[in-house]
Each structure stands twice: as structure tokens, then as C-alpha cells.
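In what follows, chains are A, B, ... by sequence order, proteins preceding strands, each numbered from 1.
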Number of protein chains: 2
Amino acid sequence: MDSKYFTIYNEIVSKIENGKLESSTKLPSENELMEIYNVSRDTIRKALTLLERNGYIQKIKGKGSFVLDIHKFDFSVSGLTSFKELSERMDAKSNTILAELEVIKADDYLMKQLDLSKDEDVWKVIRVREIEGKRIILDKDFLNKKFVSLLTREICENSIYEYLENDLGLKISFAKKEITVQQITEEDKKYLDLEGHTMIVVVKNYTYLEDASLFQYTESRHRPDKFRFVDFARRKH
Amino acid sequence: MDSKYFTIYNEIVSKIENGKLESSTKLPSENELMEIYNVSRDTIRKALTLLERNGYIQKIKGKGSFVLDIHKFDFSVSGLTSFKELSERMDAKSNTILAELEVIKADDYLMKQLDLSKDEDVWKVIRVREIEGKRIILDKDFLNKKFVSLLTREICENSIYEYLENDLGLKISFAKKEITVQQITEEDKKYLDLEGHTMIVVVKNYTYLEDASLFQYTESRHRPDKFRFVDFARRKH
DNA sequence: AAGTGGTCTAGACCACTAT
DNA sequence: TAGTGGTCTAGACCACTTC
């Protein structure tokens with residue numbers, strides 16, 4: 001069972017995403033929400049704080065809470081969103097090709113990226129993402145085998161993310177992401193339709209579990225003309 | 001006066017950044033912190049929640065709160081960080097050249113970006129960022145004149161951001177950022193040392209005040225080989 | 001069984017915005 | 001002056017980890 005405040009948060013999120021609550025609408029006051037949902041003020045405030053943090057509303061002292069319209073056109077690589085979710089949201093014709101799937105021993109580079117000791121086993125998954133018939137994105141995933149004992153073709157062709165969360169019950173807590181632009185490699189040429197581009201956008205992603213253990217390193221290589229990243233950032237307090 | 005929880009947050013942040021609290025150290029429990037700082041549990045929890053949200057610690061149920069080492073090598077364009085803060089942090093030799101400073105009437109493009117009506121006044125500031133003698137970044141700032149009546153050469157050569165916050169008392173609340181890669185323009189050629197590069201990383205930034213009014217649009221154009229963006233993202237609950 | 005963080009409640013006072 | 005969100009307190013119960 002989800003917590004009360006998370007249930008309330010989700011109800012309001014879906015009202016905003018459905019358009020039942022339009023942007024710049026004023027939400028009921030905290031006191032009114034207490035009565036509506038029959039909970040304490042603290043519970044309401046937890047829900048509103050979440051909404052604010054995730055860019056759905058803005059609270060203004062003395063005035064109230066107002067719906068923002070930031071989330072309108074967000075095809076983003078942001079947060080922890082996976083490719084599958086992205087392509088569903090933008091409903092372009094997309095397709096995943098599994099290029100490589102094997103267990104390897106960690107080399108020096110991976111030992112550094114995944115914080116491993118020598119010769120530990122690592123899943124290596126290479127997938128090519130096709131959008132409207134063009135091979136646009138190259139995803140290289142490396143997963144610590146300690147956490148994931150089995151990985152099949154089916155899983156990789158669907159969503160590894162969903163498998164980890166739903167079937168294995170792994171709880172992803174946070175991720176660190178780095179975006180740079182680099183010269184293309186032979187591997188990029190082999191797998192992607194570069195159409196003359198000589199540079200590639202590299203998104204490195206380090207994924208951590210709830211106990212702060214680093215278990216996945218992903219390198220997502222995007223053709224520059226098709227790359228877009230959207231981010232919502234609040235001040236740090 | 002800052003709030004209690006924010007003071008406690010800042011104390012712990014500086015201990016982590018000074019290295020007085022090393023990574024994977026366990027913080028005192030919430031009960032102990034209550035006694036140390038002589039506050040209620042809720043106040044401690046607010047401080048810890050902030051620390052967790054900003055990537056300094058990880059809380060683990062039943063175990064405790066642990067210091068993360070995510071912030072080690074972060075030369076990033078992340079959050080609301082300004083160029084001045086960035087260059088100070090990375091202490092490379094950097095320099096700002098003010099190329100243009102004027103008041104213009106909003107054209108169609110700006111009306112859209114800044115949510116203005118026709119013919120409203122807008123500050124246009126173009127600055128070139130030099131790093132180690134090379135002109136690497138082109139910053140184009142557009143500020144709604146309604147909020148900023150005066151802007152001088154000195155201010156632009158230092159930090160507009162500091163001027164807005166400290167002198168004008170404008171409170172920046174959140175920002176939306178978009179990163180794409182585009183073909184260079186004549187303007188890029190004119191102002192930057194492109195060294196053969198034909199593409200440029202474009203960071204569009206929409207900055208909002210505490211009352212959710214959009215007051216600044218910034219386009220930051222980075223030479224691709226010198227661009228790096230680092231982001232820390234927690235799950236959305 | 002003892003200690004930890006997670007949720008929820010009820011009540012108080014404050015600073016800001018509207019009127 | 002009334003209503004709003006922001007901070008702080010004190011106490012309760014829960015689920016999880018460790019012993």
C-alpha cells in the first residue's frame with residue numbers, strides 16, 4: 001500500500017496531466033485539502049512538496065498553490081526515464097534491436113565505472129534504437145551480475161528497467177548523469193545511421209540502488225541532430 | 001534569519017564538502033541529531049531530506065544516513081549555477097567579454113520565449129566566455145525590462161545573477177533547461193573560436209521568479225568539445 | 001529486543017497577501 | 001483582519017535492520 005501523501009500526490013498529478021486542472025489554476029488551500037482528503041496538514045504538505053519539487057505546482061506564501069504548465073512538451077532524457085517510456089510518450093515508430101548480450105569480466109574501464117574489483121562478472125548489453133526507420137541511438141548497458149543473475153533476449157528487447165523493478169524487486173533510488181559530445185567511434189559507425197555526422201552525444205548514466213550501491217552503468221550514444229534533453233531544476237532549498 | 005533546518009543543512013553540507021565527513025560515513029541517527037542541535041525530530045528530518053534531495057546523503061531505513069561521494073568532480077552546467085560560479089570552481093583562467101548590451105522591442109521569437117506581448121522592452125545582453133585564451137561559450141541573455149530597469153557594463157562583466165539576487169532582491173525559484181545540438185550560425189562564427197567545429201551545443205534556459213513569472217531567457221552556446229553537463233536525479237518520490 | 005528511518009497526527013506561532 | 005503557506009514542536013505507531 002502506498003502512503004496517504006503519495007496517493008494524494010498521484011491523484012493531483014493525474015488531474016494536472018489530464019487537463020482537469022489547468023495551468024495557473026489555484027489549488028484548494030491546505031486547510032481545505034485537509035478536509036477534502038480527511039488527513040492532517042502535514043500529510044497534505046508532503047503531497048504538495050512533492051508536486052512542487054517535480055515541477056507541477058508553485059506555492060506562494062500568502063496566496064496559495066498554483067498549477068504550472070512546465071510539463072507540456074517534454075520529450076526528455078531527463079530523470080530516470082527509460083527509452084521505452086520515452087518512445088511511448090512521443091508515440092513515434094520506434095524499435096529496439098538487440099545487438100550483443102553476454103557476460104564479461106570487468107576490464108579496467110568498467111572496474112572504474114562500476115566500482116568493481118578485478119574479474120567480477122558483468123552483463124554487457126548493446127542495443128540499437130530505431131526511430132522511424134533510422135538507427136539513431138546506441139545504448140550500451142553494463143550491469144553488475146551480483147544483482148542480476150539472469151538476463152534474456154526477451155527482457156532486453158522489452159525493458160530491462162521494468163524487469164529489474166517489477167520482477168527482481170530491485171529498487172532504484174538515484175542516478176548520476178553526464179552529457180558530453182565526442183568524436184564518433186568505429187562502433188558508432190557500425191551500428192548507427194550517422195548520415196555524415198562526425199560527432200555524437202554521449203550520455204553516461206550511473207544508476208544506484210536504495211542502499212546506495214552502484215549497480216548499472218549505461219552509455220547512451222545519440223545522433224546529435226536527434227538529441228534533446230529537458231530538465232526542470234529548483235533552487236537548492 | 002535562515003530557518004533552523006536550513007542552518008543545520010548548511011552546516012552538514014560544508015562538513016561534507018570540506019571532507020570532515022567522508023563518503024560512506026554514517027551520520028548520527030535522527031534521535032542523536034535532535035540532541036546535538038537541540039531541535040525536534042521534524043526539523044532534523046527537514047534538513048536530512050534536503051541533503052538527500054541534493055545528493056549529499058542517502059537514508060536507509062533501519063540503518064541510518066550515509067554520506068555519498070557524488071559531488072566529487074562536478075564541473076557542471078547543472079541546476080541554476082552561473083558561469084561565474086562555474087569558472088571559480090574549476091579555477092581555469094576565464095574571462096568575460098561583453099559584446100552587446102541594449103534594450104530592444106520583443107520580436108516574435110522573444111515574445112514566445114519570454115511570454116511577452118508585442119513591443120514590450122527587453123534587455124539583450126551578449127557575452128563571450130573565454131577559457132584559457134579561447135572563446136568557447138556564447139551567452140545570449142534576454143531579460144524582461146519590467147523586472148530589471150537598469151543594467152550596466154560593470155554588472156554584465158561581473159555576474160548579472162548576483163546583481164539580480166543581491167541588489168534587486170529578485171528571488172529566483174526554478175528554471176527549465178533544454179539541451180540540443182545544432183548547426184553553427186554566422187553569429188557563432190563571428191564570436192567564437194570554433195576550430196573547425198560545425199555544430200554547437202545549445203542550452204536554452206527559462207528562469208522563473210518565486211511568483212512563477214518568467215523573467216529571463218538565456219541561450220548558452222557551447223563549443224561541443226568543451227561542453228559537459230552533470231546531473232543528479234532522484235526517483236520522483 | 002533495541003535502534004533506525006517513514007508516516008501520520010494535532011497544535012502552535014510566524015510572515016506574507018489580500019481586503 | 002482573515003486567510004495563506006512556512007516553521008517548529010511533541011508524541012504515536014509502523015517496517016526494517018541488527019543483535
Return yes if a side-chain donor-acceptor contact under 3.5 Å exists between Glu178(B) and Tyr206(B), otherwise no. no

Do you see a donor-acceptor pair shorter than 3.5 Å between the side chains of Ser29(B) and Asn31(B)? no

Mark yes when over 12 heavy atoms from residues, nucleotides or ligands other than Glu102(A) sit less than 6.0 Å from its CD; otherwise mark no. yes

Out of dG5(C), dG6(D), dT4(C), minimum distance to the side chain of Asn31(B) belongs to dT4(C)

Starting from C1' on dA10(C), measure out to CD on Glu30(A) and report it in whole angstrom. 15 Å

Output yes when at least one side-chain N/O atom of Ser29(B) is less than 4.0 Å from OP1 or OP2 of dG3(C), else no. no

Taking only side-chain N and O atoms of Lys59(A), does any of them lie within less than 4.0 angstrom of OP1 or OP2 on dG6(D)? yes

Phe6(A) atom CZ is separated from dC8(C) atom C1', nearest whole Å, by 17 Å

Quickly work out the Leu27(A) CG to dG5(D) P distance and round it to whole Å. 9 Å

Tell me: CD1 of Ile44(B) to C1' of dG5(C), nearest whole Å? 13 Å

Whole-Å distance, Glu32(A) CD to dG3(D) P, equals 10 Å

N or O in side chain of Tyr5(A) less than 4.0 angstrom from dC8(C) OP1/OP2: no

Electrostatic pair Asp121(A)-Lys105(A), nearest N-O below 4.0 angstrom: yes

For the backbone of Leu151(B) and the side chain of Trp123(B), can you confirm whether one donor and one acceptor N or O come within less than 3.5 Å of each other? no

Separation of dT4(D) atom P from Arg45(A) atom CZ, nearest Å, is 13 Å

On DNA chain C, check which nucleotide each of Ile60(A) and Lys4(A) is closest to and give me the residue with the more 5' one. Lys4(A)

Measure NZ/Lys171(B) against P/dG5(D) and give the value in whole Å, please. 18 Å

Does Thr43(A) put a side-chain nitrogen or oxygen below 4.0 Å from OP1 or OP2 of dT9(C)? yes

For the side chain of Ser3(A), starting at C-beta, report the closest nucleotide among dG5(C), dT7(C), dT9(D). dT7(C)

To the nearest Å, give me how far apart CD (Gln58(A)) and C1' (dT4(D)) are. 14 Å

Can you tell which of dT9(C), dG6(D), dG5(C) lies closest to the side chain of Ser40(A)? dT9(C)

Out of dT4(C), dT7(D), dT7(C), which nucleotide sits closest to the side chain of Lys46(A)? dT7(C)

How would nucleotides 11-16 of chain D be written as a contact map, 5' to 3', with B for base contact, S for sugar-phosphate-only contact and - for no contact, using protein heavy atoms under 4.0 Å? -B---B

Using the rule given for side-chain contact (heavy atoms from CB on, under 4.5 Å), can you reason through Tyr217(B) versus Val122(B), listing the C-alpha separation, both sets of side-chain angles and the distance that settles it, and then say yes or no? CA-CA 10 Å; Tyr217(B) 167 68; Val122(B) 175; over 6 Å; no

Side-chain donor-acceptor pair under 3.5 Å between Ser40(B) and Asp42(B), yes or no? no

